[in-house]
Amino acid sequence: MKTQLIFSNLAAIETEMLAVIATDTQNAKTAGELPQLVLLTADPAVKNAASAALASGEFKAGANETLLLHAPAGLAAKRLLLVGVGKSASSTPHSIRSAVGTTIRFAKPRGIRSVAFALPESAQLPPGPCARAAVEGALLADYDPDTYRSDRKDQGVYNFTLAALAGSDAAAVELGFAEGNIIAESQNFARELVNEPGNKLTPTILGQRAAQMAKTHGLKCEVYSTDKLKELKMGAFLSVTQGSEEPPALIVTTYEPEGFDASTYTGPLLGLVGKGITFDTGGISIKPADKMELMKYDMAGSAAMLGAMAAIGRLKPKIKVISVVCSAENMPDGKAQKPGDVQTAMPLKEGEPGHTIEIINTDAVGRLVLADGLTYARQLGCTHLIDAATLTGACVVALGPVNAGGFSNDEETYAKLHSVLTISGEKIWRLPLGDEYYDQIKSDIADIKNTGGRWGGASTAAQFLQVFAGDTPWIHLDIAGMAWYEDTKPFIAKGPSGFGVRSILEWVRSYAQ
């Protein structure tokens, strides 16, 4: 998709379809009373073209509701699409992201290849963030996961124009538009990785894709395998790889701001740690066959980190960032680890003992690779950590496909994440940690065990990770319910979501000065 930003009166735009936001300004109404609809544009020609439709009562301007008008009078556009965002009082830039996505998904199956979208004009919708959200919504909506279909149909929207009225805050709109392109392309990169089947994206290939991305965006990237894991004594990570013919990959990607001088740098060093299980059978504790094919997305945490790094490389925040991705397959052959085995995790310092881990369930391996990944990030000097993983079904049971679970050992660190969610538009609900959850993962034979039983599974898994984060300020994101859309939504296709890229990026940027 080619995107462009123009400053123009809407009536003069020649396009196959012009889309305009509509909202309901009535917060409460009596039975049978029609909503009070308003178009978020000052263009009189557009208002006139839509007036009869708005007055008919056919269109209610509900969130992602659409109404198409052909040959709108007074407009150069061939079609006018009204897109609802619901109540005006609750509209946010994320509402615009969804509305633009809805516009693109509406256009694709109808063969509409050129779309213009009117940047909304509203006091509560700042133009810069809305411009960013709009182009993000367009690029994210244009993606479809049908990569390997031999009868793949070209339903893409070729041209997307974001139209702002002359006199808008041009600098803010241009900045938002430019950033939105970068962020959406980075999120789509993450989605492409998650969408790949296990035979097309092994740990080795994931390392190659990461290295290529890093080269493109000016990042440093080192990809290691079994020998390096043994050298670092990453016993927890190595234990996951035992049952697979595919070697593991430890992918370390580094961003340094322009003019970086290690001898004088005094800022934070942020560590982004991602779970990269490219296929998860469950190992000896094998998963049910039903929907096991979706376990190709068990590396979505690593994809989120690599997508965030792609955006960081292009947006260039003034802070150093290191990403550590721990990638492996979890397979059940004769060499695979067994329930009851005891593994020794990577020590933080040479000469110190690593934590010993009793393996209760070989399906709970994401926390094992993250354990060594977090330790390694700390060893590399990271002062603040964030990890992302499709870690537990328990988090999906608790929060559904609506919120990711958030955990942290530091209030200030988590507050920074919470403060950027209004920008990212992603939903994360904080869940608890505590000594009671640690008691559930105490082992009789080792230091800890890799599962804490049925109850509080998301919190016991996070508590396991906190052991390896130690006293380093740390956030854990359990994205199991958010990494894959089971159904097509009005604004985005079913399949990989790329969840986490925007929030992780904004968390990083919150530290940059």
Side-chain angles (χ1 to χ4, degrees), residues 1 3-10 13 15 17-25 37-43 46-47 61-66 80-107 115-142 157 160-187 311 315 419-427 490-492 501-503 505-506 509:
M1 176 189 286
T3 64
Q4 66 172 336
L5 171 66
I6 64 172
F7 294 86
S8 170
N9 292 326
L10 302 182
I13 298 174
T15 180
M17 187 171 75
L18 171 66
V20 181
I21 291 291
T23 185
D24 181 3
T25 62
L37 304 186
V38 172
L39 293 183
L40 297 187
T41 178
D43 193 298
V46 173
K47 289 185 173 183
N64 304 310
E65 182 184 356
T66 56
L80 177 63
L81 183 71
L82 309 183
V83 187
V85 293
K87 300 292 186 183
S88 59
S90 58
S91 297
T92 65
H94 184 58
S95 306
I96 306 308
R97 186 182 288 112
S98 296
V100 178
T102 297
T103 300
I104 299 301
R105 298 303 297 179
F106 182 94
V115 171
F117 188 90
L119 187 68
E121 298 167 63
S122 169
Q124 73 181 71
L125 293 172
C130 283
R132 168 183 158 172
V135 72
E136 287 174 1
L139 289 167
L140 296 175
D142 198 45
V157 173
F160 173 77
T161 299
L162 181 63
L165 287 183
S168 301
D169 186 345
V173 172
E174 288 169 355
L175 178 61
F177 181 81
E179 289 190 348
N181 274 283
I182 290 170
I183 295 164
E185 288 169 2
S186 300
Q187 186 172 341
L315 293 172
S419 69
V420 303
L421 297 183
T422 55
I423 303 171
S424 73
E426 295 180 324
K427 291 187 175 182
F491 50 86
I492 200 166
V501 171
R502 301 196 304 265
S503 295
L505 168 66
E506 294 306 328
R509 296 174 84 186

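Numbering of residues begins at 1 and proceeds along the displayed sequence. Predicted model, so just to flag it, every value in this text is computed and none were measured.
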*Asks:* Can you pull out every side-chain hydrogen bond (donor to acceptor under 3.5 Å, both in side chains) where at least one residue sits in residues 123-133? Sequence neighbours excluded, please.
*Replies:*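 Of all non-adjacent pairs touching residues 123-133, those that pass side-chain hydrogen bond (donor to acceptor under 3.5 Å, both in side chains) are R132-E136, R132-E506.
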*Asks:* Supply the atom-to-atom distance F177 CZ to L5 CG, rounded to the nearest 0.5 angstrom.
*Replies:*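 Rounded to the nearest 0.5 Å, the CZ-CG separation comes out at 5.5 Å.
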*Asks:* Which heavy atom in V420 sits nearest to a heavy atom in S503, and how many Å separate them?
*Replies:*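 Scanning both residues completely, I find the closest heavy atoms to be CG2-O, 4.0 Å.
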*Asks:* Run the side-chain contact (heavy atoms from CB on, under 4.5 Å) check on L81 and T103 step by step: do they pass?
*Replies:* CA-CA 8 Å; L81 183 71; T103 300; 4.0 Å; yes
*Asks:* Considering residues at least two apart in sequence or located in another chain, which fulfil the side chain to side chain donor-acceptor pair (under 3.5 Å) criterion with S98?
*Replies:*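 Checked S98 against side chain to side chain donor-acceptor pair (under 3.5 Å); zero matches.
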*Asks:* Do L18 and V46 make a side-chain contact, defined as non-hydrogen atoms from C-beta onward lying under 4.5 Å apart?
*Replies:*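 SC-SC contact between L18 and V46 confirmed.
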*Asks:* I want to check something: taking the side chain as every heavy atom from C-beta on, are V20 and L80 in contact at a cut-off of under 4.5 Å?
*Replies:*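 Of all side-chain heavy-atom pairs linking L80 with V20, at least one is under 4.5 Å.
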*Asks:* Hey, what do you get for OG1 (T3) to CG (D142), rounding to the nearest 0.5 Å?
*Replies:*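 CG of D142 is found 11.0 Å from OG1 of T3.
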*Asks:* Nearest heavy-atom pair of M17 and A107: which atoms, and what distance?
*Replies:*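 So the two residues come closest at CE-CB, 3.9 Å.
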*Asks:* Quick check for you: to the nearest 0.5 Å, what is the distance between F117 atom CZ and T161 atom OG1?
*Replies:*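 Separation between the atoms: 12.5 Å.
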*Asks:* Taking N64 for its side chain and P490 for its backbone only, find out whether a donor-acceptor pair lies under 3.5 Å.
*Replies:*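 Answer holds: no.
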*Asks:* For the side chain of T66 and the backbone of V83, is there at least one donor-acceptor N/O pair under 3.5 Å apart?
*Replies:*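 No; zero donor-acceptor contacts below 3.5 Å.
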*Asks:* Taking all non-hydrogen atoms of both residues, which atom of A184 and which atom of L140 are closest, and how far apart?
*Replies:*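 Result for this residue pair: O-CD2, 3.9 Å.
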*Asks:* In Å and rounded to the nearest 0.5 Å, what is the CG to OG distance from L139 to S186?
*Replies:*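 That separation rounds to 10.5 Å.
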*Asks:* Distance-only, no hydrogens or angles: does the Q187 side chain make a donor-acceptor pair with backbone N or O of I183 under 3.5 Å?
*Replies:*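 Here the side-chain-to-backbone pair does not exist.
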*Asks:* Scan residues 169-186 for pairs that pass salt bridge (charged side-chain N to carboxylate O under 4.0 Å, His left out), counting only residues two or more places apart or in two chains.
*Replies:*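 Pairs touching residues 169-186 that pass the test: E179-R509, E185-R314.
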*Asks:* Could you give the distance from OG1 (T41) to CD1 (I21), rounded to the nearest 0.5 Å?
*Replies:*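 Output value for this atom pair is 11.0 Å.
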*Asks:* Would you say the side chain of P120 lies within less than 4.5 Å of the side chain of I96, judging by non-hydrogen atoms?
*Replies:*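 With C-beta onward as the side chain, the pair touches.
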*Asks:* side-chain contact (heavy atoms from CB on, under 4.5 Å) between I6 and I13: does it pass, once the steps are laid out?
*Replies:* CA-CA 10 Å; I6 64 172; I13 298 174; 3.9 Å; yes
*Asks:* Return the minimal non-hydrogen interatomic distance between A99 and V85, and the atom names on each side.
*Replies:*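 Reported closest heavy-atom pair: CB-CG1, 3.9 Å.
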*Asks:* Determine whether P129 and I423 make a side-chain contact, defined as any pair of heavy atoms from C-beta on separated by less than 4.5 Å.
*Replies:*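 When only atoms from C-beta onward are counted, I423 and P129 do not touch, as no gap falls below 4.5 Å.
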*Asks:* Got a second to check how far L37's CG is from D24's CG, nearest 0.5 Å?
*Replies:*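 Atom-to-atom, L37:CG and D24:CG are 5.5 Å apart.
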*Asks:* Taking all heavy atoms of L10 and all of A118, pick out the closest pair and write down the distance.
*Replies:*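 Of all heavy-atom pairs spanning L10 and A118, the closest is CD1-CB, 3.5 Å.
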*Asks:* Could you go through L505 and L315, starting from their C-alpha distance and side-chain angles, then the distance that decides it, and tell me whether this counts as side-chain contact (heavy atoms from CB on, under 4.5 Å)?
*Replies:* CA-CA 10 Å; L505 168 66; L315 293 172; 3.8 Å; yes
*Asks:* If you look at every heavy atom in L125 and P93, which pair is closest and at what distance?
*Replies:*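 Heavy-atom minimum between the residues: CD2-N, 3.9 Å.
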